[in-house]
Each structure stands twice: as C-alpha cells, then as structure tokens.
Amino acid sequence: MEERIKEFYKPSKSDVVGGDDGIEQGNTSWPEFVPTTGPDKTRKVDYIRYGGHFLIGVRGPRADVAVLRKQLVEFCDQRFRIKLDNESLPIEHITKGVMFLDHVLCRRVVYPTLRYTATGGKIISEKGVGTLLSVTASLKQCIKQFRKLEFLKGDREPDPQPCFRMFHATQSHTNSQMNKLLLTMAEWYRYADNRKKVVNFCSYIIRGSLAKLYAAKYKLRSRAKVYKIASRNLSRPLKDKKGQSPEYHNLLRMGLVDSIDGLQYTRMSMVPDPDYTPLPFGWRPDHEKILLEYIKLTDQQTLKEQRNCTREDGLITPQDNISMLVWGYKKNAVLLPSKVSDAQGSTEDLGSDTDELNEKELGNEGNQSFQKLAEMS
C-alpha cells in the first residue's frame with residue numbers, strides 16, 4: 001500500500017491538498033476546501049489498518065479504485081493465502097457514509113464566508129462552497145454493544161437494565177469498574193465529532209444500570225431513592241439510608257474502608273471535546289509500532305545480526321551460558337564413573353572422547369586413578 005500511495009499521488013496546482021513539490025499544504029487535520037470533480041482535483045490514496053480491519057480512501061475515479069481492489073485481492077491470495085472477494089471489499093462513496101470501527105465517515109458540504117481584498121483596498125465578503133470530512137460515532141453500534149452486555153433493552157427508547165453480574169461486588173469496586181469502561185469509551189470516540197453526545201449517552205446507560213442494581217441490592221425500590229441517598233454520581237455509601245454516616249466517615253478517615261469514587265461524565269459539560277489536533281506526517285498508532293517491532297525481531301536476518309554483534313562485543317547470551325554449563329557438566333561427569341565395576345568399560349568408552357580432549361584438560365591424575373581401579377578389578 002505504501003508503494004501504491006506513491007504511485008497514485010498526482011497533485012494539482014489549483015488544489016490546496018498538494019503543491020508543485022508534492023508537500024501537503026494547509027490544515028491537514030480537516031480536509032481542505034477542494035473541487036469535488038474535474039481535472040483540478042488532486043489524486044491521492046490514504047490507508048489505515050487496525051487489527052484485521054483496514055480502510056482505503058481514494059480521491060480519484062471509480063475505475064482506479066476497482067483496479068486497486070483487484071491488485072489487493074491478488075496480493076492477499078498469493079502472499080498470505082487469504083481469499084477475498086468483492087463482497088468483503090465493497091466500494092462505497094463518501095457521500096453515502098462509510099462505516100469503520102463503529103464510526104461513520106462522510107462528507108459534509110459547508111458554506112463558509114470568504115473575505116478577500118479587491119483592487120482599491122476594498123474588502124469583499126462572499127459565501128463559498130466547500131466540503132469537510134466528518135467522523136461521527138455511530139449511536140446504533142453503541143446501542144448494539146450495550147445490548148450484548150445486557151445493559152439495556154430496546155432500540156428507539158433504550159431502557160437501562162440492572163447489571164446483576166456485579167451484584168456481589170462492593171459499591172466502590174463496582175463504581176471503579178464502570179469508570180474504567182467510561183474512560184475506554186471516551187478514548188475510543190476521541191476523534192468523533194459527536195464525542196460529547198455519545199459519551200454522555202454511555203454515562204446515562206451505565207449510571208441508570210447501576211442505580212437499578214443498587215435499588216435491587218439494598219431494597220430501595222426505585223432509582224430516585226438511590227440517587228437521593230448516593231447522590232447523582234453514586235459516590236455516597238448506600239448502607240446508611242440517610243446518606244450521611246458519621247461512622248463511615250470516621251472509618252474512611254482512619255483508612256479502614258475504601259473510598260467510593262463517583263461515576264464520571266454525569267453531565268455533558270464534563271465530557272472532553274473532540275480531538276482535532278493534526279497528526280504528524282508518517283504517524284503510526286502504538287499497536288502498529290509494536291507489531292512492526294515484533295516482525296523485525298522474528299526475522300532470521302535480524303537474529304543473525306544480533307548473534308554476530310554479541311560475538312564481536314565479547315558478550316555471552318543466556319542461551320550460550322546455559323549450553324556451556326551443560327557441556328561442562330557432561331564433560332566432568334564422563335571423568336567420574338559411577339560404579340567401580342564398570343571402570344574398565346568406561347575407559348574403553350572414553351577412548352573416542354579422550355582423543356578429542358586435550359591432555360591438559362584430562363590431567364595425569366585422572367589417568368592414574370583409572371589404572372589403579374583397573375588393577376583392583
């Protein structure tokens with residue numbers, strides 16, 4: 001794909017995506033205002049992969065996309081023996097929306113106000129037309145995942161359900177586990193335009209599910225009573241039904257009980273904004289860096305280079321050290337027979353080995369001891 005990206009890239013002079021030198025211009029975090037069709041459109045390919053999912057974005061004619069798909073199918077078949085077909089690699093236009101990792105990528109038409117200075121120093125303002133790439137979190141997929149976890153039921157009007165799997169856990173442990181889930185969701189939808197809305201919806205479902213769980217566990221009958229005692233973020237202990245327990249606060253001060261962390265993102269204003277920071281050129285996600293490092297370490301050429309470097313520097317690897325110890329043990333064990341009656345036989349067996357060993361290593365004492373043992377037998 002890196003080779004195809006270089007081959008396909010053809011910048012246009014009138015397009016702000018690329019200049020004469022092929023370097024991208026403008027704010028690359030937002031796709032620029034560009035012509036949607038015509039010869040002035042810059043041709044380029046973008047590629048991203050996450051685990052077993054990959055997405056290829058092409059700015060160009062559909063015929064070139066079909067050729068690229070054919071090459072990809074042949075490459076996977078010949079190199080990895082993976083059978084792909086046209087159904088597994090659909091071609092979709094950006095105006096219809098492309099689903100990728102619970103996100104919808106689409107193109108929005110905007111009408112910005114363009115201001116420029118005309119001849120004579122007069123400032124002119126007029127409406128322009130442009131397109132922006134929009135990354136939106138799919139609320140349908142979010143509801144689908146919560147339904148699998150049995151946190152809610154219903155599609156149009158989702159109703160939170162109690163999470164009975166946490167019934168025997170303490171309130172502090174349950175809240176901390178749900179906070180980890182909320183932090184994961186907030187990070188997963190980090191680049192989505194509707195990040196605040198989706199994360200606030202996740203917080204509402206989890207908070208309602210826990211409130212129903214605590215109502216059933218402490219026999220409070222309704223979520224309203226749970227919120228009244230434990231507050232909006234469920235941080236107060238529910239064992240004391242008044243919600244203000246001096247004994248609990250004394251134990252908390254002495255460090256004899258765990259503090260209860262309240263649920264995060266109970267209000268939409270607490271949810272962080274979408275991250276629009278431009279990614280640097282050649283940016284790679286962390287999981288892909290680890291994967292590339294693993295592939296490099298498993299390469300036979302890399303292992304050979306590491307062994308040569310270790311020998312040149314006079315270092316000993318743990319594997320070589322163990323092999324030296326084992327060989328030394330075997331060599332010394334041969335010189336000490338276990339039974340006196342087998343001494344003569346052992347000397348005969350040692351003939352081939354002792355020829356290979358140096359006389360200095362064997363020593364004269366070993367030969368004299370074998371002669372004495374032979375005379376005794």
Answer with yes or no whether the hydrophobic clustering places Leu133 together with Phe54; edges join I, L, V, M, F, W, Y residues whose side-chain heavy atoms lie under 4.5 Å apart. no

Is the backbone N or O of Lys296 less than 3.5 Å from a side-chain atom of Thr302, with the two atoms forming a donor-acceptor pair by type? yes

Please report the interatomic distance CG(Asn308) to CG(Leu303), rounded to the nearest 0.5 Å. 11.0 Å

If we only count heavy atoms from C-beta on, is the Tyr227 to Leu234 side-chain gap below 4.5 Å? yes

Test Phe8 against every option in Arg43, Arg59, Glu3 by the side chain to side chain contact (heavy atoms under 4.5 Å, CB included) rule and name the one that passes. Arg43

Gap between atom CD of Gln171 and atom CG of Asp261 - 0.5 Å precision: 10.5 Å

Using side-chain heavy atoms (C-beta onward) and a distance below 4.5 Å, is Ile143 in contact with Ile205? no

Would Ile94 and Leu105 count as a side-chain contact (heavy atoms from CB on, under 4.5 Å) here? Give the steps. CA-CA 7 Å; Ile94 192 67; Leu105 281 72; 4.2 Å; yes

Applying side chain to side chain contact (heavy atoms under 4.5 Å, CB included), name anything that partners Gln301, two or more places apart in sequence or on another chain. Asp299, Glu305

Test side-chain contact (heavy atoms from CB on, under 4.5 Å) on Glu293 and Lys289; report intermediate values, then the result. CA-CA 6 Å; Glu293 185 177 356; Lys289 292 180 182 178; over 6 Å; no

Looking only at side chains, do Ser134 and Asp193 share a donor and an acceptor under 3.5 Å apart? yes

Ile48 CD1 to Glu288 CD distance, which is reported to the nearest 0.5 Å: 8.5 Å

Would you say the rings of Phe100 and Tyr50 are close, in the sense that their centroids are separated by under 6.0 Å? no

How far apart are the C-alpha atoms of Tyr9 and Val45, what are their side-chain angles, what is the distance that settles it, and do they pass the side-chain contact (heavy atoms from CB on, under 4.5 Å) test? CA-CA 7 Å; Tyr9 182 66; Val45 175; over 6 Å; no

Residues in side chain to side chain contact (heavy atoms under 4.5 Å, CB included) with Ile295, at least two apart? Leu291

If you compare all heavy atoms of Ala230 against all heavy atoms of Asn233, which two are closest, and at what distance to 0.1 Å? O-OD1, 4.2 Å

With sequence neighbours excluded, residues passing side chain to side chain contact (heavy atoms under 4.5 Å, CB included) with Arg267: Arg232, Ser269, Met270

Supply the atom-to-atom distance Cys163 SG to Leu213 CG, rounded to the nearest 0.5 angstrom. 6.5 Å

Let me see the working for Met1 and Ile56 under side-chain contact (heavy atoms from CB on, under 4.5 Å), right down to the final yes or no. CA-CA 9 Å; Met1 284 307 304; Ile56 303 173; 4.0 Å; yes

What are the two closest non-hydrogen atoms of Ala192 and Thr136, and how far apart are they? CB-C, 4.4 Å

Run the side-chain hydrogen bond (donor to acceptor under 3.5 Å, both in side chains) test against Asn175 and tell me which residues pass, sequence neighbours left out. Tyr214

Any donor-acceptor pair under 3.5 Å from Asn179 side chain to Gly262 backbone: yes

Do Ile82 and Asp77 have side chains that get closer than 4.5 Å, going by heavy atoms? no

Are Asp159 and Lys212 close enough that some pair of their side-chain heavy atoms sits under 4.5 Å apart? yes

So which heavy atom on Pro160 is nearest to which on Gly208, and how close? CB-C, 3.8 Å

Using modelled atom types only, decide if a donor and an acceptor are shared between the side chain of Gln177 and the backbone of Ser172 within a distance under 3.5 Å. no

What are the two closest non-hydrogen atoms of Cys142 and Met185, and how far apart are they? SG-CE, 4.1 Å

Are side-chain heavy atoms of Val98 and Val104 found at a separation under 4.5 Å? no

Any non-hydrogen side-chain atom of Phe151 less than 4.5 Å from a side-chain atom of Gln161? no

Side-chain hydrophobic cluster, 4.5 Å single linkage: members besides Tyr294: none

Count the heavy atoms of every other residue, nucleotide or ligand shown that sit under 6.0 Å from CD1 of Ile123, and state whether that count exceeds 12. no

Drop me the distance from Ile206's CD1 to Thr174's OG1, to the nearest 0.5 angstrom. 12.5 Å

Verify the cluster assignment for Tyr47 and Tyr191: are they in a single hydrophobic cluster under the rule of side-chain heavy atoms below 4.5 Å apart? no

Is there a side-chain contact between Met99 and Ser138 (heavy atoms, below 4.5 Å)? yes

Mind checking whether Phe146 and Cys202 have side chains closer than 4.5 Å, heavy atoms only? yes

To the nearest 0.5 Å, what is the distance between CE on Met166 and OG1 on Thr170? 8.0 Å

Exam field: side chain Lys217 to backbone Phe167, donor-acceptor pair closer than 3.5 Å: yes

Which heavy atom of Pro90 sits nearest a heavy atom of Arg69, and at what distance? CA-NH1, 4.3 Å

Would you kindly confirm whether Val65 and Val73 end up in one hydrophobic cluster when ILVMFWY residues are joined by side chain heavy atoms under 4.5 Å apart? yes

Same apolar cluster: Trp188 and Phe201, side chain cutoff 4.5 Å: yes

Can you hop from Leu101 to Val135 via hydrophobic side chains spaced under 4.5 Å? yes

Contact list for residues 194-211, test side chain to side chain donor-acceptor pair (under 3.5 Å), sequence neighbours left out: Lys196-Asp273

